[in-house]
Colleague: 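Below are the C-alpha cells for one structure; questions will follow.
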Amino acid sequence: MVRQLLVSILFCGCTLGMSAEDGSRLWLRQVNSGNATVNCLLHSRTLDIAKSEIAKGWKGAPVSLQLCNGAEYESLGGEGYTIRSVGGNIEIGSVSEVGLLYGTYHLLRLQEMKADVSKLDIKEKPAYSLRILNHWDNLDGTIERGYAGHSLWKWEDLPATISPRYEEYARANASVGINGTVLNNVNASPEILSADYLQKVKVLADIFRPYGLKVYLSVNFASPMALGKLATADPLNPDVMGWWQKKVKEIYSLIPDFGGFLVKANSEGQPGPCDYKRTHAQGANMLAEALKPYGGIVMWRAFVYSPSDHDRAKQAYLEFQPLDGQFLDNVIVQIKNGPIDFQPREPYSPLFTSMKHTSMMVEFQITQEYLGHSNHLAYLAPMWKEFFGYVQPNSLRAMAGVANVGDEVNWCGHDFAQSNWYAFGRLAWNPALTSEEIADEWLKQTFTTDSRFVGPMEQVMCDSREAVVDYMMPLGLHHIFAWGHHYGPEPWCSVPGARPDWLPPYYHQADKVGLGFDRSHTGSNAVAQYPDSLNRIFDSLDTCPEEFLLWFHHVPWKYRMKSGKTLWEELCYSYDEGVKKVRGFQNVWEKMKPYVDEERYGNVAGRLDIQMHDAIWWKDACLLYFQKFSKMKLPADVEKPVYKLKELEKVKLPISNFERPTKDMLPNP
Ligand code: GCV
C-alpha cells in the first residue's frame, strides 16, 4: 500500500428515530448515527459519499479508506477492494474510489446483518465488469412491462428539475454493485438521441457518475432516417456511418464516460440491418466502429423470431450462430436466458454454448412480466442460479437485467420484488452466491435480523419461484398466458388472424394423444442445438429432466412419470401443489406479523391474497381446459375446481400494461 491513509472517521453512537416503513428505503435502512468526526485528506464526490455513508450508518471501530496500489490491489481490478481489521481500526482499500465506495457498502451490509465485524479479512472482486440494468422506460413516462408505476425519469422536467430519487436510485445500485443503466426501452424512440434529450441524459449521467453508475442508451437503428432525414439506415452506407459517428461524438462531448448502445434490431417490428440485406454483425459492427474511439460498447440483442415454419425456440440460434466470430470486440451479443421469452421456467438458450468466438451477455428479466407482475411473491435468484447450473459464468462477459423499478414509493410495487433487484446486483457481482445467502442478506437488511422471521421467510422466498411454476406452467409447459397482458391463463386463446407463435396452443400442443411441444429428433429437433451430451439427455423421454418434459416432448396422457403417476395425474398434482404452496406462504406471513411494520405487513398480505386467488384461477383454467383433451378425472385428493371453464373462458382483464390487476378485476368463483 503506497498511497496513504485518506480518511479516518470516529464515532459516537447516537440513534435517531426510524422513519415510516413504506419500503422507500429498500435494503438501506441504516439509522443515522450522527455526530461522527471525519478526518479526511482527500476529497472527491465519490469519497465524500463513502465518508458520509460511514458517518451516517457505521457504529463500529474507526474506518479508514485507502487508495492503494501494488500487486494485490491490481489483481482485484478497478472495482475490487479489501476490508481488514488492523489494530483497533478497519481499513478499506482499493485502487479506485468506486472500489472504496463498494467496500463501504459491504461493511455496512455486514453491520446490518449483525455479522461479526471484529476480525475482518475480506477481498472482493466482481465476476463481471459490466453489471447493467435495462429500463424498458418510454419517453412518455410509461414503462413497457413495468408494474411499479411510471418511469423514474421525469423527462418533461429534466434537465431543469431534478428529482431526489435519481440520486437514491444511483445509491441503491452502487450498494449492490450495479455499474450501468440503460435508461430507455429497447423498443427505442429515435427522439432519445435528439439534442434536447441528450441534455437531459447528461444530467442523469452527472448524478450517477460518483456512484460508479454509467449511462447507456437503447437506440433505434433507423435513427439516421428519423432524426437525420437520411433516406436509408443501411449500415454500409457512408452517410449513415457518418451520421452515427457525428452523433456519438456529440454524446461523448456531453457525457465523456458514456457506456454505449443497446440495440433491438429486426425483432418484433423494430428496424435493423436485415432491412437492407445486411447481417446483425454488419449492423452491430458499424455502431461499434463509431463508439470504439471513445471506449463505448454495443450490446446487440439476439431476441429475434418471425412467423416462419421454424420452431420459435430455434430461431435466435439459426440467425446468430452462423455469425459467430464476426462481431467486433466491443460488441457483446445480449441473449435472454432462455430460447423463448422469460417464461417461469425455460432451458437455457443454446446460443450460450455455441458462440465460441463472440462476447456474450445474459439478459435476465427482473420485472415479473410472466411471473405475476407485482402481485405475486416470486424471488428469482433460484431461476438465475438454475441458468448458471448449465452455463458457465466465465463464458459470459457481462450481465443485464430488465429493471423492475418505477416511481411507486417502494420502487418495485411488491415489497419482496425489491429482493430481485438486490439479487440481480449481487449475482452480477458474484454468481457463486447461493439463493439462500442472498435472501438471508436481503431479509436481514430489509426487515429484521430476528431468526424467527428470517428462517421462515427465507424458505418462503426460496420456494416461491417453484410455486409460480407449479401453479402456472409445470413440467415444461410455457407461454400459455392470456393475450397481451401475460398475467392470467388462457391456454385456449385463439385470435382470428393472429400469428400462431403468439398463441398458447402453438406452445402446449394439447390433443387427445397428449401434451407438450415435440422438440426431440422426431419433432422440431431443437435439442440438436445443444451440445451432444445434453442433446442426448433432452432428446429421450426417459432421461429428459421432468421439469423440461413438455418443453421437449409431446407426451401421452398415460405416460408413467418417475413418481409412478400418469402424466395427467402428475400435472394435476403439480397445479395443486402450487396452490398449496401459496396457501403455505400466507400462513407463514400471518405468523410474521409481530416482526414487520404494519404498512409492509399489510401490503404483502394483500398481494399474497391476490396471488392465492390467481393460483386457483391458473389451476382451474389449465386443468379444466386440458381435461377436455385427456378426458381423465382429477385425482380425488386434488382440490376441487372452484370455477367453471366456460366462465373462465369469458374473462378478459380490463387492464393495460400499466394498471395493476386488483381483486375486483379478477374472476369471481
Ligand atoms: C420490450 C417480449 C415482451 C416485450 C419486449 C420484448 C423484448 O416480447 O413482451 O414487451 O419488448 O419481449 O424483449 O424485446
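Small disclaimer: the values here were computed from a predicted structure and weren't measured. Just so you know, ligand 1 is whichever comes first in the structure, and atom 1 is the first atom listed for that ligand. Heavy-atom basis, side chains included; hydrogens, waters and symmetry copies ignored.
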Colleague: Which protein non-hydrogen atom lies closest to atom 9 (O) of ligand 1, naming both residue and atom, and how far is it?
Modeller: Glu369 OE2, 2.6 Å

Colleague: Salt bridge or not for Lys292 and Asp329, using N-O below 4.0 Å?
Modeller: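 Yes, charged N to carboxylate O under 4.0 Å.
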
Colleague: Hey, is Val402 one of the residues with a heavy atom under 4.0 angstrom from ligand 1?
Modeller: no

Colleague: Judging by distance only, is a nitrogen or oxygen of Arg301 under 3.5 angstrom from one on ligand 1?
Modeller: yes

Colleague: Return the closest protein heavy atom for atom 6 (C) of ligand 1 as residue, atom name and distance.
Modeller: Glu268 OE1, 3.3 Å

Colleague: Sequence neighbours left out, what passes salt bridge (Lys or Arg N to Asp or Glu O under 4.0 Å) with Lys314? Give chain and number order.
Modeller: none

Colleague: Students should be able to answer this: which protein heavy-atom is nearest to atom 10 (O) of ligand 1, and at what distance?
Modeller: Glu144 OE2, 2.5 Å

Colleague: Distance to 0.1 Å, residue and atom name: give those for the protein heavy atom nearest to atom 12 (O) of ligand 1.
Modeller: Lys336 NZ, 3.0 Å

Colleague: Considering only heavy atoms of Asn185, which atoms of ligand 1 have at least one such atom less than 4.0 Å away?
Modeller: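 In order of number, 1 (C).
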
Colleague: Quick one: does ligand 1 sit under 4.0 Å from the side chain of Phe342, the backbone, both or neither, non-hydrogen atoms only?
Modeller: neither

Colleague: When you measure from the centre of the six-membered ring of Tyr305, is the NZ or CZ of Arg312 under 6.0 Å away and within 45° of the axis?
Modeller: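 Yes; both conditions hold, so Arg312 lies above the ring face of Tyr305.
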
Colleague: Need the ligand 1 atom indices (1-based, order shown) with element for anything under 4.0 Å from a heavy-atom of Phe303.
Modeller: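 The atoms of ligand 1 under 4.0 Å from a heavy atom of Phe303 are 6 (C), 7 (C), 8 (O), 12 (O), 13 (O), 14 (O).
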
Colleague: Is Lys356 salt-bridged to Asp324, cutoff N-O under 4.0 Å?
Modeller: no

Colleague: Any idea which atoms of ligand 1 are less than 4.0 Å away from a heavy-atom of Val186?
Modeller: 1 (C), 14 (O)

Colleague: Compute both the distance and the angle, then confirm whether Lys336 meets the cation-pi test with Phe303: under 6.0 Å from the six-membered ring centre, within 45 degrees of the axis.
Modeller: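 Positive - Lys336 is close enough to the ring of Phe303 and near enough to its axis.
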
Colleague: Out of curiosity, Asn404 CG to Phe424 CZ, how far, rounded to the nearest 0.5 Å?
Modeller: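 Going from CG on Asn404 over to CZ on Phe424, the span is 11.0 Å.
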
Colleague: Side chain or backbone, does Glu363 bring an N or O within less than 3.5 Å of an N or O on ligand 1?
Modeller: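 Glu363 vs ligand 1: no N/O contact under 3.5 Å.
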
Colleague: Show which atoms of ligand 1 fall inside a sub-4.0 Å distance from at least one heavy-atom site of Asn187.
Modeller: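 Going through ligand 1 atom by atom, the ones under 4.0 Å from Asn187 are 1 (C), 11 (O).
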
Colleague: Output all residues satisfying salt bridge (Lys or Arg N to Asp or Glu O under 4.0 Å) with Glu191, sequence neighbours left out; order by chain, then residue number.
Modeller: none

Colleague: What is the closest protein heavy atom to atom 2 (C) of ligand 1, and at what distance does it sit?
Modeller: Asp341 OD2, 2.9 Å

Colleague: Would you please test Arg278 and Asp234 for salt bridge (charged side-chain N to carboxylate O under 4.0 Å, His left out) and show each step?
Modeller: CA-CA 8 Å; Arg278 312 295 183 197; Asp234 180 350; 2.9 Å; yes

Colleague: Who's the nearest protein heavy-atom neighbour of atom 14 (O) of ligand 1, and how far?
Modeller: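 Protein heavy atom with the smallest distance to atom 14 (O) of ligand 1: Lys264 NZ, 2.6 Å.
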
Colleague: Is the distance between the ring centroids of Tyr471 and Tyr575 under 6.0 Å?
Modeller: no

